[in-house]
A.B. asks: 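This is the structure, below, for whatever I ask next.
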Protein chains: 2
Amino acid sequence: MALAHAILASLIDTPLSGYDLAQQFDGSVGYFWAASHQQIYRELSKLEQQGWIAGETVLQTGKPDKKLYCVTEIGKQQLKSWMAEFSEPSPIKDDLLVKIFAGYVAPQAIAIELKRHQKAHQERLAVYKTIEQKYFSNPQTLPETEKFKYLTLLNGISYETHWLAWIDRAIQLLKSSNPK
Amino acid sequence: MALAHAILASLIDTPLSGYDLAQQFDGSVGYFWAASHQQIYRELSKLEQQGWIAGETVLQTGKPDKKLYCVTEIGKQQLKSWMAEFSEPSPIKDDLLVKIFAGYVAPQAIAIELKRHQKAHQERLAVYKTIEQKYFSNPQTLPETEKFKYLTLLNGISYETHWLAWIDRAIQLLKSSNPK
DNA sequence: TCTGCCATGTAAGTTGTTACATGATTAT
DNA sequence: ATAATCATGTAACAACTTACATGGCAGA
């Protein structure tokens with residue numbers, strides 16, 4: 001359900017094409033709700049059919065035509081009522097944790113995986129910190145809307161920090177048990 | 001893919017029935033790879049067909065018969081090679097963050113949601129801490145296998161702590177902007 | 001010339017969710 | 001009586017992934 005609403009949320013401020021949305025979902029919103037371009041196009045067709053969004057084809061010279069979508073009144077109402085609904089914390093699905101739980105390999109192999117993940121989380125964190133410095137260096141003076149976006153960014157930073165701390169601990173714990 | 005392997009991992013130590021597995025997935029492994037009983041039964045049929053596991057029907061008195069599955073040699077190999085594969089950090093999918101990002105409701109409504117989630121995370125954390133005290137009160141003396149399970153528990157604790165800290169910050173930030 | 005970006009989609013397959021179905025036993 | 005637990009599944013649907021497909025334009 002949330003993909004539809006994440007799209008609505010993205011279209012509230014500015015009309016976007018499917019392509020634009022796919023870009024957006026590869027960053028910003030995509031950091032906490034990933035979606036491929038195929039999913040997005042499919043969802044857009046469905047939303048247009050339902051009348052939650054309206055599309056308008058824009059002819060372009062030198063580039064393929066694009067179709068800009070914006071949210072209809074019905075769409076806005078739908079978004080609002082979805083926002084008012086309760087939601088549960090989303091269940092975790094994590095390969096790495098399944099692997100570690102299984103513990104069916106040499107600790108060495110796991111250590112390598114841990115280091116790969118460490119690198120990935122460090123990179124993600126660096127991206128978030130850059131965004132923070134660029135757009136949110138002064139949180140006190142942010143307008144309401146921006147405060148919400150800032151909160152999601154803080155969540156990302158907190159999340160990556162948690163992972164990095166845990167990985168450190170994990171590496172340490174595995175080392176202590178395997179001195180060789 | 002990981003469901004199959006999570007099941008294999010669960011069956012490595014002891015043979016279990018679909019029902020038993022469903023119970024397990026509602027706790028322990030389920031904390032980082034959720035699956036419903038329908039999914040589990042479907043996956044079990046598939047795994048048996050592929051020859052990764054072998055099922056044996058056990059007649060019971062007073063209870064319906066059950067089918068115990070154990071991992072075959074092929075299954076063990078599959079699990080091992082999957083464990084050696086690289087995996088990426090799993091993408092986040094979180095309703096609450098989409099809602100906050102959209103910021104399309106009264107801050108009040110969001111504050112209510114935040115408190116609901118706070119409660120849920122507190123409960124989860126309490127469960128983890130209980131497990132820690134019960135089974136892992138002395139991490140130094142744990143055998144290798146148990147160390148891995150302990151690590152996943154630590155991850156859970158770290159994760160819930162991260163959420164709780166973020167929620168505190170979020171509530172605070174929303175309050176400061178809306179004194180009324 | 002080849003890579004990458006712009007822009008849109010289809011098709012097939014896997015995974016996950018929701019609802020339905022059965023039937024015996026045990027506890028309230 | 002009624003509800004809950006044990007135990008197993010089917011069926012329909014929704015969501016997601018992977019691969020394939022097209023075609024022009026800009027830059028190295």
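So that the names make sense, note that chain A is the first sequence line, chain B the second, and so on, each numbered from 1. Source: prediction; values computed, not measured.
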A.B. asks: Side chains of D65(A) and T57(A): is there a donor and an acceptor less than 3.5 Å apart?
C.D. replies: no

A.B. asks: How do K66(B) and A34(A) order along DNA chain D: which one's closest nucleotide is nearer the 5' end?
C.D. replies: K66(B)

A.B. asks: Can we say K76(A) and E73(A) salt-bridge, meaning some charged N sits less than 4.0 Å from an Asp/Glu carboxylate O?
C.D. replies: yes

A.B. asks: What is the distance, to the nearest angstrom, from the CG atom on D20(B) to the P atom on dT5(D)?
C.D. replies: 16 Å

A.B. asks: Quickly work out the L47(B) CG to dT14(C) C1' distance and round it to whole Å.
C.D. replies: 14 Å

A.B. asks: Nearest whole Å is fine: how far is dT14(C) P from Q49(B) CD?
C.D. replies: 12 Å

A.B. asks: Measure from NZ or CZ of K93(A) to the centre of the six-membered ring of F32(B) and say whether it is under 6.0 Å with the direction within 45° of the ring axis.
C.D. replies: no

A.B. asks: Roughly, in whole Å, what's the span from CD in E88(A) to C1' in dG16(C)?
C.D. replies: 18 Å

A.B. asks: What's the CG-P distance between L3(A) and dC16(D), to the nearest Å?
C.D. replies: 6 Å

A.B. asks: Could you tell me whether the phosphate oxygens of dG9(D), OP1 or OP2, come under 4.0 Å of any side-chain nitrogen or oxygen in Y41(B)?
C.D. replies: no

A.B. asks: Could you check whether K66(B) makes a cation-pi contact with Y19(B), meaning its NZ or CZ is under 6.0 Å from the centre of the six-membered ring and within 45° of the ring axis?
C.D. replies: no

A.B. asks: Over how many whole Å does the gap from F25(A) atom CZ to dT17(D) atom P extend?
C.D. replies: 13 Å

A.B. asks: Just the table, please: protein N/O against nucleotides 13-15 of chain D N/O, every pair under 3.5 Å.
C.D. replies:
from, atom 1, to, atom 2, distance (Å)
dA15(D), OP1, M1(A), N, 3.4
dA15(D), OP2, K46(A), NZ, 3.3

A.B. asks: Does D94(A) use its side chain to pair, donor to acceptor, with the backbone of L97(A) at less than 3.5 Å?
C.D. replies: yes

A.B. asks: Supply the atom-to-atom distance W52(A) CH2 to K46(A) NZ, rounded to the nearest 0.5 angstrom.
C.D. replies: 8.0 Å

A.B. asks: Hey, do the aromatic rings of Y128(B) and Y31(B) have their centres closer than 6.0 Å?
C.D. replies: yes

A.B. asks: Mind calculating the distance between CD (Q23(A)) and C1' (dA7(C)) to the nearest angstrom?
C.D. replies: 10 Å

A.B. asks: Nearest whole angstrom, please: distance from the P of dC6(D) to the CG of L21(B).
C.D. replies: 15 Å

A.B. asks: Restricting to nitrogen or oxygen on both sides, can you table the protein-nucleotides 18-22 of chain C pairs closer than 3.5 Å?
C.D. replies:
from, atom 1, to, atom 2, distance (Å)
dA19(C), N6, Q38(B), NE2, 2.9

A.B. asks: Before we go on, tell me: are the rings of Y159(B) and H162(A) under 6.0 Å apart, centre to centre?
C.D. replies: yes

A.B. asks: May I ask you to say whether E113(B) pairs ionically with R116(B), meaning some side-chain N is under 4.0 Å from a carboxylate O?
C.D. replies: yes

A.B. asks: When you measure from the side-chain N and O atoms of Y19(B) to the phosphate of dC6(D), is any distance below 4.0 Å, counting only OP1 and OP2?
C.D. replies: yes

A.B. asks: Classify the nucleic acid contact of S45(A) as base, sugar-phosphate or nothing, counting any heavy atom under 4.0 Å across all strands shown.
C.D. replies: nothing

